[in-house]
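Heads up, the thing below is written out as structure tokens.
Chain letters run A, B, ... following the sequence lines, proteins first and then strands; every chain starts at 1.
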2 protein chains.
Amino acid sequence: MIQELTTYFGHIFEDALLHEINQVGTFKEVSEGSTLIEIGQYIKSMPLLVTGVIKVLREDSHGDELLLYFLENGDTCAMTLSCCMGQTKSEVRAIAETDSKLVMIPVQKMEEWLAQYKSWRNYVLETYHSRLNELLETVDSIAFLKMDERLLKYLHDKTRVTNDRIIHNTHQEIAYDLHTSRVVVSRLLKKLENMGKLELHRSHITMVTH
Amino acid sequence: MIQELTTYFGHIFEDALLHEINQVGTFKEVSEGSTLIEIGQYIKSMPLLVTGVIKVLREDSHGDELLLYFLENGDTCAMTLSCCMGQTKSEVRAIAETDSKLVMIPVQKMEEWLAQYKSWRNYVLETYHSRLNELLETVDSIAFLKMDERLLKYLHDKTRVTNDRIIHNTHQEIAYDLHTSRVVVSRLLKKLENMGKLELHRSHITMVTH
DNA sequence: CCTAGGAAGTAACAATGGTTACATTGCCAT
DNA sequence: ATGGCAATGTAACCATTGTTACTTCCTAGG
């Protein structure tokens, strides 16, 4: 396990901390679609994302979803961090967008390390910083963009995190993430196709490189 | 100054830290409407809010605004925290909603204190935690509520933070905060008045207690 | 090869919110 | 008291998004 740890976190953490993580952390592989964190759940251990993509969702009062942001290599979920520290329930759902590898850290270690390791403090603060900024970007999208622009941004974000210009999702799945209806997504996708920004196929979309 | 510090922060910080804050902090009074932090600005010192209310805003590409949340006694701006640590520009604007008293802390002290004081670490983490949750609530409002519900929530939030069921704002000012137009606000306020939830007057609104 | 069911296309309509334009009202300063 | 201006009321219209109700198309599994 130390191998993948040093590869992905070696430039972030001190050696002593890497060793501790190696000691107390649990390696975990999850496959696409599996739920890592559920709303209302107490968090017993914090996930560091080694490889893969995780999507973080919010749920409304009817059980409908809204994508907040994607997590990539080296990221961790600030909401989770937040829950761990405060011993509160999770306010979000986290789902593996692709097959992913994680290192799970027991909660009690986290506070110790905050006092002990400067690199851990920086990592935690940096995590909060980027997650706040990502949430701000999410607010921008929802508040300031029209649905067609949000859709296009969503598709671009998706190609970026998966590093694949083919998006393997149905219109219904996209509609869930954007908190709208399948018909609206189909309508706007067709418009974007006519504008030459993408190609529509059954169960997948190919983004046109610009 | 130590007087107001102990009153409002005595239960949060250790004595030694309170003394340090007293040493290095600068007391500052600002009046309603003054801008504390501007978008794009680098932060040289971090404000602790002693008394008053601060509103935190986001701006779109046309310069139009959107209220993110209010800060109250004992709060600080997580976005600012975040900027201090990362030496990045502010992504938000902060404006005094009422006359307010602040203690300004030089940035370089903050990192020292993180290593040194457990109460400071807890405060910083707690701040991030609540700000993240407030941003999530903002996302909920924008994404899941219709404009009339958002408006009512806004008015209730406002009465809560100012502890005054009379809201001293014009429809235009409310429209700016909600990122909509004055006509829409007037229309919906009139609807809410007909529903018996509030009374409209010139330049102020009285909320009906339910 | 055929068929059932999921996925996508599309039309028609409703609801919400944004925009323009103008009328009315209250209030302050002179 | 009154003229002027900011604040509010309101109507009419438009654009966007949501909804319903179909049809058509594709593909996996028999």
Between the opening five pairs and the closing five pairs of the helix from C/dC1-D/dG30 to C/dT30-D/dA1, how far apart are the helix axes, to 10°? 30°
Spacing of A/Gln172 atom CD relative to C/dA8 atom P, expressed in whole Å: 9 Å
Can you name the atoms? Protein N/O to nucleotides 27-30 of chain D N/O, anything below 3.5 Å, with the distance.
none

In 5'-to-3' order, the base (B), backbone-only (S) or no-contact (-) status of each nucleotide in nucleotides 9-19 of chain C, using a 4.0 angstrom heavy-atom cut-off, is BBBB---SBBB
Taking salt bridge (charged side-chain N to carboxylate O under 4.0 Å, His left out) as the definition, give me every residue that meets it alongside B/Glu111, ordered by chain and number, with sequence neighbours left out. A/Lys118
Separation of atom NZ in B/Lys191 from atom C1' in D/dG9, rounded to whole Å: 17 Å
Test of understanding: with salt bridge (charged side-chain N to carboxylate O under 4.0 Å, His left out), list the residues that count as partners of A/Glu193, not counting sequence neighbours. A/Lys190
Sorted by chain and number, sequence neighbours left out, side-chain contact (heavy atoms from CB on, under 4.5 Å) with B/Asp64 holds for B/Asp60, B/His62, B/His179
Atom CG of A/Leu192 to atom P of C/dA8: distance rounded to whole Å? 15 Å
Side chain to side chain contact (heavy atoms under 4.5 Å, CB included) between B/Thr76 and B/Ile105, intermediate numbers included: CA-CA 11 Å; B/Thr76 191; B/Ile105 312 282; over 6 Å; no
Table please: side-chain donor-acceptor pairs of residues 196-206 of chain B below 3.5 Å, with sequence neighbours left out.
| unit_1 | atom_1 | unit_2 | atom_2 | d |
| --- | --- | --- | --- | --- |
| B/His201 | NE2 | B/Thr206 | OG1 | 3.4 |
| B/His204 | ND1 | B/Arg202 | O | 3.2 |

Which pairs pass salt bridge (charged side-chain N to carboxylate O under 4.0 Å, His left out) with one or both residues in residues 128-143 of chain B, sequence neighbours excluded? A/Arg58-B/Asp140, B/Asp75-B/Arg131, B/Arg131-B/Glu134, B/Glu137-B/Lys153
When the distance from CD1 of B/Ile167 to P of D/dA7 is rounded to whole Å, what number comes out? 17 Å
With sequence neighbours excluded, residues passing side-chain contact (heavy atoms from CB on, under 4.5 Å) with A/Asp177: A/Lys55, A/Leu57, A/Leu67, A/Tyr154, A/Lys158
Atom CZ of B/Phe144 and atom P of D/dT17: how far apart are they, to the nearest Å? 17 Å
Could you tell me how far apart A/Asp64 (CG) and D/dG18 (P) are, to the nearest whole angstrom? 12 Å
Whole-Å gap separating P (D/dG18) and OH (A/Tyr176): 15 Å
Against B/Phe13, only a single residue in B/Trp113, B/Tyr8, B/Trp120 fulfils ring-ring contact (aromatic ring centres under 6.0 Å, His included); can you say which? B/Trp120
Could you list the residues that satisfy ring pair (Phe, Tyr, Trp, His ring centres under 6.0 Å) with A/His168, not counting sequence neighbours? none
For atom CD1 of A/Ile205 and atom P of C/dA8, their distance in whole Å: 8 Å
According to side-chain hydrogen bond (donor to acceptor under 3.5 Å, both in side chains), who are the partners of B/Arg187, at least two apart in sequence or on a separate chain? none
Once salt bridge (charged side-chain N to carboxylate O under 4.0 Å, His left out) is applied, do any residues pair with A/Arg150, and if so which ones, sequence neighbours excluded? none
